[in-house]
Undergrad: 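Before I ask anything, let me first share the structure, which is written out below as structure tokens.
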Amino acid sequence: MFAYLIKRLLLMIPLLLGITLVSFVVIHLAPGSPTEVQTMLQPKASLEAQQRLRELYGLDRPLHVQYWDWLQRLARLDLGRSFSPDARPVWDKIKERIGVTISINLLSMLLILVIAIPIGVIAATYPHSWFDQATTLFVFLGFAMPGFWLALLLMMLFGVYLDWLPLAGLTSHFYERFTTWQKIQDLAYHLTLPVLVSAFGGLAGMSRYMRGNMLEVIRQDYITTARAKGLPERTVIFKHALKNALMPVITILGLSVPGLIGGSVIFESIFAIPGMGQLFYQAVMARDYPLVMGELVIGALLTLLGNLLADVSYALADPRLRTG
Amino acid sequence: MAGVARHREFWARFYRNRLALSGLVIVLGLFLVSFLAPWLAPYDPNYIDLGAMLMPPSANHLFGTDPLGRDVFSRILFGAQISLKVGFVSVGLATLIGVWIGALAGYYGGWADNILMRFVDLMLCFPTFFLILAVIAILEPSIWNIMAIIGLTSWMGVARLVRAEFLSLKNREFVQAAQALGAGDARIIFRHLLPNSLAPVMVSATLGVAGAILTESALSFLGLGVQPPTPSWGNILTAGKDNIEIAWWLSLFPGLAILITVMGYNLLGEGIREAIDPRLKE
């Protein structure tokens, strides 16, 4: 297992380099140099800010030197300073918001699993039943539904007409004065819609995937054997089949990380949640380049980390992988 | 000719699939609406009528009006043009890149394959939406930039598909025969391998149009896509969000347009997939 982990970590290095290289290329996409664009589009950018950008990227030096320099800073999590008036270090800004985004994404992953697995299993156990057909319809709807539109509809229903849930924000006024229990309640209250909406997109894919997996497994010989032994159907489905059908789900979950992180931009700006997504949106609107670049790199790193976690859990679950 | 027989079989299967047909009808309807928008629309989509701001749906304004008194129905009809354009241009670009990279990797194998596929892995590591936003922060949001960026960030699936097809085809007898006859690499790739791998590419392109339309609408919704006054479904929804407590029609109708369109392309894509290979139907 340890050897496998080391191998995976080593494989991450070239990917990491590639990610930083692509991000670096993106910065240099700007017609002219970023500092010029800065002055053209945003007169606000002071000479001092331009100077900072030039320092950060060393724009007057050869490209490979610039890249190497930037990498070294990156290794120390020095992503430069934001262009916004407070001029705080980019990493500090991201650090205070990353927790919210990760928590929401983890919650929605959990929700996806809790809902999609039973749906997939039941649909596969009774193929072509009304439940299976309803699932198919739901899957098609899920794939076609723009997440931000679902968010608007739910906001309208629960926030405006029924007035059950808050329209925006992460906490209420006077949050600091609440007891711990009240704080948890208040957070849950505010997070219900965002988590629901961000889980919805993945839900369709996962339940369809689960159904396909389950159908595949049920056809296997060992399931026939289990049935032939006279085991009750429930044991066959939930013990023998489900375990094996669940394995690839880990990989799919890992693959869904970039989508979830990307989606956080939309949901966090709609629901006014102070996370990485909202910060990124604000950075793009303000053309705060150091912050944009920092977010891009950290977002890609999170994805890489998600994939690594998925691979490692897969190896933990499947002994063939770690020994072979 | 085997080709003709195969086509006939394809259409026979396609016509029997009700979901696929409804997808085709939706997509054709969308084409029609975009081309006929100037004649179908009851109002100029950009005509501002400050006397009719935020009017609920009525006989005069089928889908109501927006905060500037513009007719939402007309704006949605014209918005279809944007969706069509974005869908086709960005997917065309993505397919072109994906086919090239996939073909090179699959045909030549070896280190070329290794490098190209690692690049694909790398691009898949980026949260695409982050990458798109970062580029938009640098370039300006405009419909051409949006199409280019969506195309440049969504070719990876096609590349993997084409590569897999090439790998499975390149050792088949007909390719060996062509090689034995002295056909060059270019001829083998373009005349023999590519035409035989186009079916799955078509499926992924059709599904890709749906994805591109979703991305564009999300960008426009955030104000980073198609810029007003040009109507797009996404930017009408922005007004919907700003007026969520008073004007439900601004949120409902453009979203429905996106939902139906995307569903149409998805159904069509799945239908083509099943008609090409009936074994795929579970």
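Chain letters run A, B, ... following the sequence lines, proteins first, then strands; residues in each count from 1.
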Undergrad: Give a yes or no answer on whether the side chain of W149(A) reaches the backbone of S251(B) with a donor-acceptor pair at less than 3.5 Å.
TA: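 It does hold such a pair.
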Undergrad: Closest approach of S198(A) and I104(A), non-hydrogen atoms and distance?
TA: OG-CG2, 4.4 Å
Undergrad: Need one label for L252(B): side chain, backbone, both or neither, based on atoms under 4.5 Å from any heavy atom in chain A.
TA: both
Undergrad: What part of L16(A) gets within 4.5 angstrom of chain B, counting heavy atoms only: side chain, backbone, both, or neither?
TA: neither
Undergrad: Considering only heavy atoms, which portion of I132(B) lies under 4.5 Å from any heavy atom of chain A: side chain, backbone, both, or neither?
TA: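 Neither the backbone nor the side chain of I132(B) comes within 4.5 Å of chain A.
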Undergrad: Check whether any side-chain heavy atom of L193(A) sits under 4.5 Å from a side-chain heavy atom of F267(A), and report yes or no.
TA: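 No, every pair of side-chain atoms sits at 4.5 Å or beyond.
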Undergrad: Is the distance from the ring center of F88(B) to that of F31(B) below 6.0 Å?
TA: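 Yes: the rings meet the under 6.0 Å criterion.
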Undergrad: Give, as side chain, backbone, both or neither, the part of L224(B) having an atom under 4.5 angstrom from any heavy atom of chain A.
TA: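 Looking at L224(B), just its side chain touches chain A.
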Undergrad: Could you tell me whether a side-chain N or O of Y281(A) sits under 3.5 Å from a main-chain N or O of L222(B), the two making a donor and an acceptor?
TA: yes
Undergrad: Indicate yes or no for a side-chain donor-acceptor contact from D288(A) to the backbone of Q282(A) under 3.5 Å, with no hydrogens or angles considered.
TA: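 Checking the backbone N and O of Q282(A) against the side chain of D288(A), no donor-acceptor pair under 3.5 Å is found.
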Undergrad: Measure from the side-chain N and O atoms of S220(B) to the backbone N and O of V226(B), and report whether any donor-acceptor pair falls under 3.5 Å.
TA: yes
Undergrad: Need one label for L15(A): side chain, backbone, both or neither, based on atoms under 4.5 Å from any heavy atom in chain B.
TA: both
Undergrad: Does the ring center of W155(B) lie less than 6.0 Å from the ring center of F119(B)?
TA: yes
Undergrad: Name the option with the most non-hydrogen atom pairs under 4.5 Å to chain A; the candidates are T261(B), I244(B), V262(B).
TA: I244(B)
Undergrad: Could you tell me which of W248(B), F221(B), F130(B), F129(B) has the largest number of non-hydrogen atom pairs under 4.5 Å with chain A?
TA: F130(B)
Undergrad: Tell me if a side-chain donor or acceptor on N213(A) pairs with a main-chain N or O of A245(A) at a distance below 3.5 Å.
TA: yes
Undergrad: Quick one: of I260(B), I258(B), L256(B), who has the most non-hydrogen atom pairs under 4.5 Å with chain A?
TA: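 With the most close heavy-atom pairs to chain A, the winner is L256(B).
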Undergrad: Checking an interface table here. Which of residues 133-143 of chain A come within a heavy-atom distance under 4.5 Å of chain B?
TA: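 Counting heavy atoms that sit under 4.5 Å from chain B, the residues of residues 133-143 of chain A involved are F140(A), L141(A), F143(A).
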Undergrad: Heavy-atom pairs under 4.5 Å with chain A are the metric here; pick the option from S217(B), P141(B), G234(B), A210(B) that has the most.
TA: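 Winner by heavy-atom pair count: S217(B).
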Undergrad: Specify which of S269(A), S264(A), P258(A) makes the most heavy-atom pairs with chain B at under 4.5 Å.
TA: P258(A)
Undergrad: Under a 4.5 Å heavy-atom cutoff, which of L301(A), L304(A), V284(A), V292(A) has the most pairs with chain B?
TA: V284(A)
Undergrad: Could you tell me which of N307(A), L302(A), I270(A) has the largest number of non-hydrogen atom pairs under 4.5 Å with chain B?
TA: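 Top count of heavy-atom pairs under 4.5 Å with chain B: I270(A).
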Undergrad: Test your reading of the model: is there a side-chain donor-acceptor pair from E268(A) to the backbone of M276(A), 3.5 Å cut-off?
TA: yes
Undergrad: Does a side-chain heavy-atom distance below 4.5 Å link I82(B) with V86(B)?
TA: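 They are in contact (side-chain heavy atoms under 4.5 Å apart), so the answer is yes.
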Undergrad: Could you give the distance from OG1 (T238(B)) to CG (L152(A)), rounded to the nearest 0.5 Å?
TA: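 Here the rounded value is 9.0 Å.
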